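Here is the structure we will look at.
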Amino acid sequence: MSDITNILLVGVGGQGTLLASEILSEVFMRAGYDVKKSEIHGMSQRGGSVVSHVRYGREVFSPVVPEGEGDILFGFELMETYRYLPLLRPGAAVVANNYRVPSPSILLGQETYPEGLEGKIRSHFPDFLLVDGLRLASEAGNPRVANTVLLGAVSKRIDIDEKFWLAAIEKMVPPKALEINLRAFGTGRAL
Amino acid sequence: MKEILSGNEAIARGAFEAGVKVASAYPGTPSTEILENVSNYASIDSSWAPNEKVALEVAIGASFGGARALACMKHVGVNVAADPLFTASYTGVGGGLVLVVADDPEMHSSQNEQDSRNYAKFSKIPMLEPADSMECKEFTRLAFEISEKFDTPVMLRSCTRISHGKSVVELHEPVTGLPEPRLVKDPRKLVMLPGNARVRHPIVEERIVNLSTFGDSLPINRAEYRSEEFGVICSGVTWQYVREALPQASTLKLGMVYPLPMNLLREFASKVKKLFVVEELDPFIEEQVKSMGIVVVGKEIIPLCGELSPGRIRAAFANTGITVEPAAPMAVDMLPVRPPNMCPGCPHRGMFYLLNRLNAYVTGDIGCYTLGFMHPLNAMDTCVCMGASISNASGIVRSLPVEEQRRVVAVIGDSTFLHTGVNSLMEMAYNNAPATVIILDNRITAMTGRQENPSSGYTLAGEEAPVVNIPNLVRALGIKHVVEVDPYDLPASRKALEEEMARPEPSVIITNRPCCLIKGECRFEKGKVLEVDQNSCTGCKACLAIGCPAIEWKPDASGKKGKAWIDPLLCTGCTVCQQLCKFNAIK
């Protein structure tokens, strides 16, 4: 199965992991690959921890990435990025937003947001890019396009022509938000 | 043309291509998006039903009229729809009739993980099980052909990973030349009086034998020979996992999981030295294969509970020497858990806070409000199935001393009340059970992603619809004490709860705030965003007791004291926290 690339998108319900995984799938299909993706809706959303699986290659069987075979982890939130590291193979790439969402127990003051996650992630996975998504998105014109900045950064780690990325974004993003999303994607790709 | 579709989108597309005319469903994860997508096809009359039994009966009726008809539901919905299902097996169909059921192994969003394949065997109808989105579409089309060819309802079984997974689908044009629906009288076949039903039963038995023979040469039942050493019988998403985990295995992929193709199975078994069945949940195929006298290994090594995955299959086969034990996953530090939570501004939150404070014993129900179980609200004591909150409350009060009877409160949402709660409340009123019921009317079926229902004022297509007047309905059922409250008004809500809980008669409290996620006119309106005045806040933590995601405890440098802070991006201005602050610090 070495011709399959496994991508995991992790974050907090409502952060937009679903749309990002849709765009990725569209890119891979346009580039001529077989694609499968899997995620959980419903009770697991509502601010809970979420993980989407996207796989592409010549022929993909399981829609779920086998444990320990993830090639790229695309993290929307720092603690969730760390939580799902065991799904990755040694030497995998990690691209994550430096964004923190407190869990219920942290909001209540019963626990604190864990410290030192960046160093811990890097010690396991040297190919780790931590992106200040909110700042870069604001600079691109709107803090809401942070995910697209991240997507641009992820695209640099996937050997697929840029035109497929741009076409997929054009299809999946509302027309009035297209220009700013393309700008945000370019920002991420230049990182 | 190729598109990436979810299994649910592909089933909807398959229904369109099959020329379906009528589709009905009640929302339920992971099945909900099927009907939502069917509603995009103008050629199909699609609608939400109040519950799954009604949905299936609508589809059966349409089929009797000669139309191809579809009903969709989650696995537990089939329990509700089982009554018409078993008799529709006897009547057979007019136009093709397909019941799509989406199972939820691992219970990502369900109260049990029952295996719907048993329903096909129990009701003696065929069941197809697709393994990806392309098969979802093609099997839906095939299901209608089988339904008409064999005069039987057909079940199509999906699961969470198929319904909510996406893969590439080749689209086709819809079929043409289907007969136009019209009334045809055939009472001996469709009126299931004992005399007629006795005639139908042998036909049903013969049909299932014929379907098994049909399955022997059905292309979706596919033997693929690789290793002669061992073969695996599997179906659906499990086939994908097996291909991934055991690439050398010969496989018999069953597209029709009931009835089993006996001759094909025997042939496959004879061509491999060792035979396995890999299936999620029950040993459904395994038991039938064993009853044919074929030696097979199944649940001795494959888990009975939860989802399978390539990793779980590799681990299961490690003991047979076929695979090596997967390496243990890398260890990471313990982290705070991140369970789901009610949204900021959710109109349910204040009621659960009060139920906690009033030491109520809360019989719960199925919906977002089941999250009232979570800390710090901790205000739910039972939750069984749709509508059970009210009947459970009615039952529990019967043997309790009076002072404990008063603590019993049933909590149910508007959609769940209309689903099966109405019958339960009828029972409670009829038999004068002294419990209190709260109907959390947020004008939508929220948990499954905000679907319309008979009291929301809109249809599936978004058209205006008659509105069930819940207070009047409750009164019509015989409840004398009906109170409507604004759940954002904590003093008024507390007063209503205290009065109705104390009352030794059945009573109903109805809340009147819409779900804060509903968009559109005359629905949710955001209030003034609140903030904590850091000078007035004493750090008493009273506002934290409602567990609102917008309120965060900010400890000071010592870590021992601190103050509350409201995230302005999350706050909806519901004011519930403000009413709890004794120091007027929330403004």
Side-chain angles (χ1 to χ4, degrees), chain A residues 1 4 12-14 21-22 25-26 28-29 33-50 53-54 59-69 77 79-80 82-88 90 101-114 117 120 124, chain B residues 2-4 29-30 32-33 108-110 132 160-162 164-168 237 239-245 247 307 309-311 314 326-327 329-333 335-343 368 370-371 374-376 447-449 541 544 547-549 551-555 559 562:
Chain A
M1 297 302 143
I4 305 288
V12 176
S21 68
E22 302 264 316
S25 307
E26 183 74 21
F28 303 143
M29 188 188 74
Y33 291 104
D34 188 22
V35 189
K36 286 216 172 106
K37 110 178 167 110
S38 180
E39 62 227 344
I40 302 298
H41 310 179
M43 189 59 123
S44 315
Q45 302 259 317
R46 302 282 180 280
S49 171
V50 291
H53 305 240
V54 180
E59 185 180 14
V60 181
F61 291 113
S62 166
V64 181
V65 174
E67 299 86 337
E69 294 185 19
E77 199 275 348
M79 185 161 77
E80 297 312 310
Y82 181 70
R83 191 189 305 279
Y84 289 103
L85 292 181
L87 295 180
L88 299 179
V101 181
S103 71
S105 60
I106 297 168
L107 291 174
L108 294 174
Q110 293 164 341
E111 289 182 278
T112 53
Y113 198 97
L117 291 178
K120 286 180 189 171
H124 292 293
Chain B
K2 283 185 178 175
E3 272 196 48
I4 295 205
T29 311
T32 309
E33 300 84 0
H108 296 287
S109 206
S110 302
D132 59 23
T160 301
R161 295 295 176 183
I162 294 295
H164 288 169
K166 287 204 168 189
S167 57
V168 182
V237 75
W239 177 80
Q240 308 280 11
Y241 301 151
V242 167
R243 289 292 294 122
E244 185 102 23
E307 279 186 317
S309 68
R314 276 188 201 123
M330 68 172 276
V332 289
D333 298 345
L335 294 174
V337 294
R338 197 187 293 278
N341 194 355
M342 288 177 197
C343 305
C368 289
T370 318
L371 294 170
M374 307 293 285
H375 184 73
M447 184 83 244
T448 44
K541 294 191 175 180
L544 295 176
C548 177
I551 309 176
E552 183 174 355
W553 178 252
K554 298 273 193 192

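Model, not experiment: these values are computed from the prediction. Each chain gets a letter, A, B and so on, in the order its sequence line appears, and its residues count up from 1.
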Return the option, out of [options], with the maximum number of heavy-atom pairs under 4.5 Å with chain A.
options: B:S167, B:P30, B:A327, B:G559; answer: B:S167
options: B:C548, B:P336, B:P376, B:P329; answer: B:P336
options: B:T160, B:L544, B:I162; answer: B:L544
options: B:V168, B:D132, B:V332; answer: B:V332

Could you state the interatomic distance from [atom1] ([X]) to [atom2] ([Y]), rounded to the nearest 0.5 Å?
X: B:I4; Y: A:F28; atom1: CD1; atom2: CZ; value: 9.5 Å
X: B:K554; Y: A:L107; atom1: NZ; atom2: CG; value: 9.5 Å
X: B:L335; Y: A:E111; atom1: CG; atom2: CD; value: 9.0 Å

With a 4.5 angstrom heavy-atom cut-off, is it the side chain or the backbone of [X] that approaches chain B, or both, or neither?
X: A:E39; answer: both
X: A:V101; answer: both
X: A:P114; answer: side chain
X: A:T112; answer: backbone

Problem set entry | Side chain to side chain, A:P66 and B:R314, heavy atoms closer than 4.5 Å |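 Heavy-atom side-chain distance check passes, below 4.5 Å.
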
Exercise. Mind checking whether A:I40 and B:R161 have side chains closer than 4.5 Å, heavy atoms only?
Worked result: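 A side-chain contact exists here, since the closest heavy-atom pair is under 4.5 Å.
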
Chain A contact via [X] - side chain, backbone, both or neither, heavy atoms under 4.5 Å:
X: B:E33; answer: side chain
X: B:I551; answer: backbone
X: B:P326; answer: neither
X: B:V237; answer: side chain
X: B:K541; answer: side chain
X: B:V242; answer: neither

Options [options], ranked by heavy-atom pairs under 4.5 Å with chain B, top entry:
options: A:S25, A:S105, A:G68; value: A:S25
options: A:H124, A:E26, A:H53; value: A:H124
options: A:S62, A:S21, A:S38; value: A:S62
options: A:E67, A:M29, A:E22; value: A:M29

For this session: For the pair A:L108 and B:H375, evaluate side chain to side chain contact (heavy atoms under 4.5 Å, CB included) and give the outcome as yes or no after the intermediate values.
Result: CA-CA 10 Å; A:L108 294 174; B:H375 184 73; 3.7 Å; yes

For this session: State plainly whether the residues A:E77 and B:R338 are in salt-bridge range, i.e. N to O under 4.0 Å.
Result: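 Looking at B:R338 together with A:E77, the answer is yes, because their closest N to O distance falls below 4.0 Å.
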
Exercise. Is it true that A:K36 and B:E244 make a salt bridge, defined as a side-chain N closer than 4.0 Å to a carboxylate O?
Worked result: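 No, no charged N to carboxylate O under 4.0 Å.
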
Problem set entry | For the student: nearest non-hydrogen atoms of A:P104 and B:V337, plus distance |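 Nearest heavy atoms, A:P104 then B:V337: CD-O, 4.4 Å.
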
